[in-house]
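Remarks on the structure that follows.
Numbered from 1 within each chain, the chains take letters A, B, ... in sequence-line order. What you are looking at is a predicted structure, and each value in this text was computed from that prediction instead of being measured.
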Number of protein chains: 2
Amino acid sequence: MNCLLKMRAMREQLSVNERKLADFILDNTQLLRDYSSSQLADAVGVSQSSVVKFSQKLGYRGYPSLKLAVYESYAGAGIANDEDHSRHLGQANSPLSTLGQKKLEVLENTVNINESEQLSAAIQAIRSARCIQVSACAGSVSVARYLTHQLLELGCWAVFDEGGQLQHKIADSLRDDDLLCILCDFGGEESLVEVANRAREHGVKVLSLTRYNYNAASIHSDIRLYVVPSEDDEALQRLLFRSAQLHVIEGLISGLLEG
Amino acid sequence: MNCLLKMRAMREQLSVNERKLADFILDNTQLLRDYSSSQLADAVGVSQSSVVKFSQKLGYRGYPSLKLAVYESYAGAGIANDEDHSRHLGQANSPLSTLGQKKLEVLENTVNINESEQLSAAIQAIRSARCIQVSACAGSVSVARYLTHQLLELGCWAVFDEGGQLQHKIADSLRDDDLLCILCDFGGEESLVEVANRAREHGVKVLSLTRYNYNAASIHSDIRLYVVPSEDDEALQRLLFRSAQLHVIEGLISGLLEG
DNA sequence: AAATTTTTGAATAATTTATTCGTAATTCGA
DNA sequence: TCGAATTACGAATAAATTATTCAAAAATTT
């Protein structure tokens, strides 16, 4: 049972010194952490033996047990009362945790927007594809590279044309059991839409991961995954966008791993 | 700092008996609650004084301090597993949210382990470097590429030798106002340590991002950043590891953006 | 292989915790 | 209000736990 609550509940039935101890502990819970029984006794102005007897009266073996119980009770309350999540991603000051906050928000939105059928479909499509072509807009090149790398590591035949000069040629060589993955931001890039259309002419399945809005690339796809952008300044927004793209891709990869 | 993580990280540099103690505590954390130093000693099969010395080696005043720290650390870990969080990363069933859970845990640990001074130092070092060489072990190649790409986008002179055949040559051409970034998993890769040493001979600053343990690459660095690995099966662990590496790198990038 | 350092545990010192016991305070019943 | 019974309290001390010392053993370096 919660030790601090017990203390408050029993307060009325306690003797003078015991009440002094209870009050002190309730007021200075965090101090107890580094107090020995005699230090506590001194702080409260009672004898060391009274501290021990108090502990036993509350039902503990002795002072160390009480101390641990108080600590447990205190820590538990801290977690329960914690409204925001700042603690969970580290000390407030760390550059990592500020970013962590924003990231969490974007990821949350991104996770929510993607229907699990589309995700499963994407995983299934990757798994059953003979070859996979990855195409990306300028801002998503690094993400595309990452995806390609991971696919290759998993034993999928994946190709990404860094420069983009060859992507039309490559698309022309795809067959109907292949897959085209399009990664882009706004989804309006003409060349990507062009690649998608050419591929579809050959019966190729198209998977897109774009910003969550009405966009050409997404419309011309069979499987549509989205990223919900943040509302920060441009540079940070791009960072968070890529981060969310990566998260979706990691989701796909881990899905492929499980299979 | 998280006591159980510290224990795991230091495991390699501990002596036989100390390792026995660490392993026992890591495996039977909850037992510690009601163990005295000599009970623990008996359970593990070492002397009581060894327990005390172990506590002190980890940086605590003595056994009671260690015990409290372990307890704190254990209770803290519960936060990551808290159901409460499932809400924040979407519906429980989605493939993305399951991954999100694990990711959150790894990221949390990673955020906690990196001291903000090291992060600030890293950001400062990147900002003031003339040229930046990125070197990576096989498993971190895709992350290294990502980092290089982002650095270039920010206007930093960054080079990454994909194959690794040229990295020694490149390191030799670095000057004392340059920076070497090492990304690796276990940190034991000889060629990377070699590159680090060569670079340091020229007075180059070395920044490492490695697994959080006692490792050669980290030791030979001026600025040390870490990733706390998960305890999943190998494939997923690698995925989560890269993900956490990316998070740290995104932290650096966003720091550079703010500057 | 010798020298140095590190590790280890038995013995013991120091500290902390628990109990005993006598006195003081409080409660209860007339 | 007074004394008897009960309870509270703390000084002294016992018991237990924790920390240190030191010498032997093991590991590491030279």
Round to a whole Å and report the spacing from [atom1] of [X] to [atom2] of [N].
{"X": "B/Tyr63", "N": "C/dT16", "atom1": "OH", "atom2": "C1'", "result": "15 Å"}
{"X": "B/Leu68", "N": "D/dT17", "atom1": "CG", "atom2": "P", "result": "18 Å"}
{"X": "A/Gln39", "N": "C/dT15", "atom1": "CD", "atom2": "P", "result": "12 Å"}
{"X": "A/Gln56", "N": "D/dA8", "atom1": "CD", "atom2": "P", "result": "13 Å"}
{"X": "B/Lys57", "N": "D/dA19", "atom1": "NZ", "atom2": "P", "result": "17 Å"}
{"X": "B/Phe54", "N": "D/dA19", "atom1": "CZ", "atom2": "C1'", "result": "17 Å"}
{"X": "B/Gln48", "N": "C/dT15", "atom1": "CD", "atom2": "P", "result": "15 Å"}
{"X": "B/Arg19", "N": "C/dT7", "atom1": "CZ", "atom2": "P", "result": "11 Å"}

Is the shortest side-chain N/O distance from [X] to OP1 or OP2 of [N] below 4.0 Å?
{"X": "A/Ser36", "N": "C/dT15", "result": "no"}
{"X": "A/Asn17", "N": "C/dA25", "result": "no"}
{"X": "B/Lys53", "N": "C/dT6", "result": "no"}
{"X": "A/Ser49", "N": "C/dA18", "result": "no"}
{"X": "A/Ser47", "N": "D/dA11", "result": "no"}
{"X": "B/Ser38", "N": "D/dT17", "result": "no"}

Practice task
State plainly whether the residues A/Glu72 and A/Lys67 are in salt-bridge range, i.e. N to O under 4.0 Å.
Solution key: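 No.
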
Problem - salt_bridge(B/Arg211, B/Asp185) N-O dist < 4.0 Å - result: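 Yes, charged N to carboxylate O under 4.0 Å.
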
Practice task
For the residue pair B/Tyr226 and B/Tyr212, categorise the inter-ring angle as parallel (less than 30°), tilted (30 to 60°) or perpendicular (more than 60°).
Solution key: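 B/Tyr226 and B/Tyr212: perpendicular rings.
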
Among [options], find the nucleotide with the atom closest to the side chain of [X].
{"X": "B/Glu18", "options": "C/dT19, D/dT20, C/dT8", "result": "C/dT8"}
{"X": "A/Val46", "options": "D/dG10, C/dG9, C/dA18", "result": "D/dG10"}
{"X": "A/Val16", "options": "C/dT17, D/dT20, D/dC9", "result": "D/dC9"}

Exercise for the section: Please answer whether the main-chain N or O of A/Leu14 pairs with a side-chain N or O of A/Arg19 as donor and acceptor at a distance below 3.5 Å. Expected result: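 Such a contact is found between A/Arg19 side chain and A/Leu14 backbone.
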
Exercise for the section: Compare all side-chain heavy atoms of B/Arg145 with those of A/His149 and state whether any distance is below 4.5 angstrom. Expected result: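 They are in side-chain contact.
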
